[in-house]
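To start, the structure itself, in structure tokens.
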Amino acid sequence: MAEANETKSETTQNDQKKPLEPLEPLPATASKDYVWKGPDGASINYTATAEMIPVRADDGTMIGHMFMFSQISDADDKSDRPVTFCWNGGPGGASYMVNIGGMGAKRVKTDGMAHLTGVGEVEDNPYSLLPSSDLVFIDAFGTGYSHVDPNYDAKKVWGVDGDADAFTRGIIAWLTKYGRMNSPHYLYGESYGTMRNAVVYRMLGEHGVGVAGVTEQSTILDYEPTLSGEDDYYMGMFPVYAATANYFKKAGVGVDQYEWYDKAFDYANNTLARALTLADALPADEMKKIAGEMSEFIGLPADFILAKGLRIELDTFRKNLLKDEGETTGRYDTRFTTYGYQDVQGDNEFFAGEDPSYDAINAAYLDVYMKMLGDMGFKGYENYEGLSLKVNSSWNWTHQAPGTMGSPQVPNVAYDLATALRRNPTSRICVLGGIHDAATPYWNVRHDINKLFLPQALKDRIEYHLHSNGHMLYCDEVALAAAGPELKAFYDKRHEDQAAQ
């Protein structure tokens, strides 16, 4: 019996040494020529390419293949033509939404807060970044078509630092393949993609690759407010609640939406902050007074707010604002609604994941994206992983910010952003926020950057823009139209910087 065990052990060891083969062959690269036509009669000839880019470690070990979808102008002179690397967040989200939703050359038309049918209507995107930059949309490993090599431990890239390192290597691989190292380089990230932006921004600089600009759309830099009971959570949510109550005419009726949001923003800073800090040490009469003021802002009863200790969770707000109408609001965009669930489906974790603002667009976006790839002749794997819960649940949140001690499980990459900006003070950062975004509230990014105590010269390199949208800017055509000229101006500022040198 002992001899049999030894033989089995030797066989297992030999099997482990044998390299594993990919389960499927790599999809072949596909390209197609298009003409983008803008609303003012302008046009751009461009080539769209879908491909799998190999990503390797320093020792040549294959990490995997990243799926990249590029849209490159056919202009002969690319000496000053930027290239922007774009992605969504999650973690675990592929990049199709930021592509077909709003920044790519084509977009799916939206219809206000209406739920789109699965067959989306496509147009040449009048708000695309293409007039300002070539575009490369990258799927994170384990999402979309991006595959980790079977001989590489996927957990090494499913985490804050490993993910950013993989993206840094993928970007360098693409720049090297296409000879674009000397182009102006930009990063565009949404949601967790803004956290990825901050670390990739720093890491690219450490690899000798300059970054001209970073766009942070729906930003989260510090994950501490996501922990239960954190005061900054309630501070960030309060202006969003107020904007939502204003939209549904539960508060601030007749007041401009931005004016109402700004009032709530100031109230959070100047009144609510003290109340939350003092907690039950706040005198009872003052707590009652503040509960009444909060009620005027966010449309929930004062007694209800008082009973919650002035601390209103997002799910509590979503369930109760439109309770009399039998509806609940969205999370990504709190203006979207769906019908309320029965108590038998009252599981909090289930409800937190139910979001009409995501349901309204996802099928249309993904169906159109798959059709576009098919029309190009790209034959990917059987399944395009738009949102991988496996990646999300496996994520390693450990991250040691530059110059800090230890590796906390709750990452704060604001210091990475600041470090990269200090090292590259000619670069710029553009922050885009939405007043109806309850996933990454705008108050928090302003607070996080304020805590960096940057010198004025670096503060001047950061610009902020706030619009009517929720988490996905591209779902709100009004906001997208407003952000378009701001983004164009952001890219054009590199000419001002060049002239000043």
Side-chain angles (χ1 to χ4, degrees), residues 36 38 42 44-49 53 68-87 95 98-99 102-105 127-138 164 167-190 193-194 196-217 416-417 419-432 457-458 460-463 465 483-501:
W36 173 85
I44 298 174
N45 295 324
Y46 71 96
T47 301
T49 301
I53 294 288
M68 300 193 189
F69 183 98
S70 59
Q71 295 170 334
I72 309 299
S73 164
D74 292 345
D76 292 332
D77 183 7
K78 289 188 170 60
S79 57
D80 188 47
R81 175 75 173 168
V83 55
T84 303
F85 297 93
C86 310
W87 41 72
S95 64
V98 75
N99 182 345
M103 296 303 124
Y127 318 112
S128 174
L129 285 176
L130 188 64
S132 297
S133 174
D134 290 336
L135 305 171
V136 183
F137 300 90
I138 306 179
F167 269 81
T168 298
R169 293 174 186 277
I171 288 170
I172 292 173
W174 189 94
L175 291 172
T176 302
K177 178 177 180 178
Y178 289 100
R180 299 295 296 272
M181 277 292 190
N182 200 37
S183 296
H185 306 137
Y186 286 77
L187 308 178
Y188 189 109
E190 177 196 15
T194 63
R196 177 184 293 133
N197 266 358
V199 187
V200 171
Y201 181 23
R202 172 177 64 80
M203 286 186 174
L204 280 172
E206 292 168 354
H207 282 75
V209 179
V211 175
V214 178
T215 300
E216 300 278 85
Q217 182 213 307
D416 296 79
L417 195 77
T419 298
L421 185 58
R422 282 188 172 92
R423 292 171 175 173
N424 183 5
T426 64
S427 58
R428 293 182 178 274
I429 299 170
C430 175
V431 178
L432 300 174
L458 294 185
D460 292 342
R461 311 299 292 185
I462 307 175
E463 57 188 74
H465 303 284
E486 294 165 351
L487 286 168
K488 181 181 184 304
F490 177 67
Y491 278 78
D492 287 346
K493 285 177 182 176
R494 75 183 185 282
H495 299 305
E496 299 174 18
D497 295 334
Q498 291 165 355
Q501 291 179 353

Q. Quick check: does any side chain N or O of Thr194 sit under 3.5 Å from a backbone N or O of Gly189, one acting as donor and the other as acceptor?
A. no
Q: Go through the structure and list residues passing salt bridge (Lys or Arg N to Asp or Glu O under 4.0 Å) with Glu206, not counting sequence neighbours.
A: Arg202, Arg423
Q. Can you name the side chain to side chain contact (heavy atoms under 4.5 Å, CB included) partners of Ser427, sequence neighbours left out?
A. Tyr201, Leu421, Asn424
Q) Looking only at atom types and distance, does a side-chain atom of Lys78 sit under 3.5 Å from a main-chain N or O of Ser73, one as donor and one as acceptor? A) yes
Q) Between Gly104 and Leu135, what is the shortest heavy-atom contact and its length? A) CA-CD1, 4.1 Å
(Q) Minimum heavy-atom separation for Tyr188 and Asn197, please, with both atom names. (A) C-ND2, 3.9 Å
Q) Under the 3.5 angstrom rule, does the side chain of Ser70 hit a backbone N or O of Ile72 as a donor-acceptor pair? A) no
Q. Hey, does Ile138 have a side-chain heavy atom less than 4.5 Å from the side chain of Ile171?
A. yes
Q.
Between His207 (side chain only) and Arg169 (backbone N and O only), is there a donor and an acceptor less than 3.5 Å apart?
A. no
Q | Residues which pass side chain to side chain contact (heavy atoms under 4.5 Å, CB included) with Asp460, listed by chain and number, not counting sequence neighbours | A | Gln456
(Q) Are more than 12 heavy atoms, taken from residues, nucleotides or ligands other than Lys493, located less than 6.0 Å from that residue's NZ atom? (A) yes
**Q.** Donor-acceptor contact present, side-chain Ser133 to main-chain Thr84, <3.5 Å
**A.** yes
Q: Please round to the nearest 0.5 Å and tell me the distance separating atom CG of Leu187 and atom SG of Cys430.
A: 12.5 Å
Q: For residues Thr426 and Arg461, report the shortest heavy-atom separation together with the two atoms involved.
A: O-NH2, 2.6 Å
Q) If we ignore angles and hydrogens, is there a donor and acceptor under 3.5 Å between the side chains of Thr47 and Asp74? A) yes
Q: Grab the two heavy atoms, one from Pro184 and one from Ser79, that are nearest each other, plus how far apart they are.
A: CD-O, 4.5 Å
Q: Spell out, as yes or no, whether a donor-acceptor pair under 3.5 Å connects the side chain of Arg428 to the backbone of Arg494.
A: no
Q: Specify the closest pair of heavy atoms between Ser183 and Val83, including all atoms of both residues, with the distance to one decimal.
A: CB-CG1, 4.3 Å
Q: List in chain and number order the residues that pass ring-ring contact (aromatic ring centres under 6.0 Å, His included) with Tyr186, two or more places apart in sequence or in another chain; answer none if no residue qualifies.
A: Tyr491
Q) Do Val211 and Phe85 have side-chain heavy atoms sitting under 4.5 Å apart? A) no
Q) Can you name the side chain to side chain contact (heavy atoms under 4.5 Å, CB included) partners of Thr176, sequence neighbours left out? A) Ile172, Met181
Q: Could I get the full list of salt bridge (Lys or Arg N to Asp or Glu O under 4.0 Å) partners for Arg196, not counting sequence neighbours?
A: Asp163
Q: Specify whether Phe167 and Trp87 have parallel, tilted or perpendicular ring planes, treating 30° as the upper limit for parallel and 60° as the lower limit for perpendicular.
A: perpendicular
Q) Out of curiosity, Leu417 CG to Leu458 CG, how far, rounded to the nearest 0.5 Å? A) 10.5 Å
Q. What's the spacing between Phe490 CZ and Leu432 CG if we round to 0.5 Å?
A. 9.0 Å
